[in-house]
Protein chains: 2
Amino acid sequence: MLSFYCYAPEMTAPSIRARVREELTSEIKAVARRQLTTEGANLSLRAVARELGMVSSAVYRYFPSRDDLLTALIIDCYNELGEAGEKAVEGAEGLLSRWLAFGHGIRDWALAHPAEYALIYGSPVPGYKAPQDTVGPASRTTTVIVKLLVEGYLAGELKGTDERPPLPPPLETEMRRAINEIFPEMPVGLLARGMTAWVQLFGVITFELFGRFNNFIEESRRDFFDHQMRVMARHVGM
Amino acid sequence: MLSFYCYAPEMTAPSIRARVREELTSEIKAVARRQLTTEGANLSLRAVARELGMVSSAVYRYFPSRDDLLTALIIDCYNELGEAGEKAVEGAEGLLSRWLAFGHGIRDWALAHPAEYALIYGSPVPGYKAPQDTVGPASRTTTVIVKLLVEGYLAGELKGTDERPPLPPPLETEMRRAINEIFPEMPVGLLARGMTAWVQLFGVITFELFGRFNNFIEESRRDFFDHQMRVMARHVGM
DNA sequence: AATAAAACGAGAGCACTGCTCTTGACTCGA
DNA sequence: TCGAGTCAAGAGCAGTGCTCTCGTTTTATT
């Protein structure tokens, strides 16, 4: 038995049991993701267990409850979406191109994973309180947008835009205080216009995925999204 | 027995049974609405029946399935929301005021009925296909917006706005064809800008209700919404 | 006014769910 | 080698949507 340790000491360092546990954990998540696409948010833990050939109570060794499984999936999805956005930005040159690439990167991921997008951007379960673990991955996309805008602003690539209508003073102070912690060099006016673009980006995708364009825009949805992103680009001064 | 008919002939015209059926139907919906606020979309038919003091199978005399109950609730909510928007517009004078009143009317209803708003504007159930009965009530809000814009346009109250970026030709033709059926006098450019405002309106409300502003905008959410609506008003040429 | 037909509420029952607890086998670390 | 911890399996509980049956009541017809 000791000889076993000698043959492959660093491989068993995390122990066999820990390794198989990690494998099974991600296998459960993979099966759950697959079932999510057909069943939606009302995911059945027992069905996941059944597909994996184990009994339902065994799954509870890996996820203490169904909500915890969903939370794990949510975190994974946030990270995938954030990575998709980051990669898209990195692969483009120039402010406008990077912004458009970001938007289409987010949209492409959403179209490829509609159930997952609905899970993270759809209706929250009334009782469900988003755990602290989710806020980091969830903020990756917004961080990309803000970074893009601040970089463009500091590089002088953003045209000064119309400041009308003015921000109400209470709103301005609250936004000033919120952005000071992260990007103190960002003007509040730019933040406000960036938030318009942010809402528009996810608003269009959500409407498209949730069927609000049905019987209205059918063929040219990508064109519509692209156009809206260009409108928003102008709005922020690109 | 016949004397009964003679005493109140027109009262029993819709028959006793039909009347009590109608009452029970709306009573079931009322209880379901109340449970919706605490339980969310996973509404329990049995719990509704329990609260009404009847057995679960009796509810099936009134709604053939749980989905049909939810559909009935969805239709009611669409109508309430549409009516809230229409009333708000009627109670205001002038194009900008009417637009702002509409926005706040929608938002106020959403804040007062978050679960109901999530039901109609949240993630659709993957299998759930929206019945034809819902599209009419669902389109009341968009009709208000388009009417407002067309009236303002025909009255010459809308400034001509920048047509950049231009619409891609395939998108323009599809939008032209779609709007021709309802408002042929509406320019496509105005429709596009109106859709931007439409998406922004519901996008901000959805983000606010679904917690996207948490730890960022807390006190001035109404101000933020109002500001966004004014930005959109400028965008469409008000 | 009597009778057939339809609608109704109650109850039992089925297959399913999330979750808990116990039992016996297995693996780990000392 | 041997306790301690981990694991899969199974039984079980309370809850779910939904179906079916069975008497009762109301409606519509003759």
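Computed from heavy atoms alone, side chains included, the values below leave out hydrogens, waters and symmetry copies. Bear in mind that the values here come from a model prediction, so they are computed numbers and not experimental data. Lettering of chains follows the sequences in order, A, B, ..., and the numbering in each one begins at 1.
- The aromatic rings of B:Phe202 and B:Tyr121 lie parallel to each other, their planes meeting at an angle below 30°, with 60° marking the opposite boundary.
- Nucleotide D:dT26 holds its P atom 14 Å from the CZ atom of B:Arg19, rounded to whole Å.
- Near DNA chain D, meaning a heavy atom under 4.0 Å from it, residues 39-51 of chain A has A:Arg46 in order of number.
- Picking from D:dA8, D:dT26, C:dT20 the nucleotide with the shortest atom distance to the side chain of A:Ser57 gives C:dT20.
- For B:Arg17, the side chain to side chain donor-acceptor pair (under 3.5 Å) test picks out no residue, with sequence neighbours left out.
- With sequence neighbours excluded, the residues satisfying side-chain contact (heavy atoms from CB on, under 4.5 Å) with B:Pro124 are A:Phe210.
- Within the structure, every pair that satisfies the salt bridge (Lys or Arg N to Asp or Glu O under 4.0 Å) test and touches residues 43-72 of chain A, not counting sequence neighbours, is listed here: A:Arg34-A:Glu51.
- Listed by first and then second residue, the salt bridge (Lys or Arg N to Asp or Glu O under 4.0 Å) pairs involving residues 106-116 of chain A are A:Arg33-A:Glu116, A:Arg107-A:Glu208 (not counting sequence neighbours).
- At a threshold of 4.0 angstrom between heavy atoms, the contacts of A:Leu52 with the nucleic acid are absent.
- Within residues 60-74 of chain A, the residues approached by DNA chain C to less than 4.0 Å at the level of any non-hydrogen atom are A:Tyr60, A:Ser65, A:Arg66, in residue-number order.
- The CD1 atom of B:Ile120 sits 12.5 Å away from the CG atom of B:Leu70 when rounded to the nearest 0.5 Å.
- Taking OG1 from A:Thr25 and CD1 from A:Ile28, the interatomic distance works out to 6.0 Å, rounded to the nearest 0.5 Å.
- Atom CZ of B:Arg17 is separated from atom P of D:dT27 by 6 Å (rounded to the nearest Å).
- Here D:dT26 presents its P atom at 14 Å from CG of B:Leu24, a figure rounded to the nearest Å.
- For the residue pair B:Tyr117 / B:Thr206, a side-chain donor-acceptor distance below 3.5 Å is found, with atom types taken as modelled.
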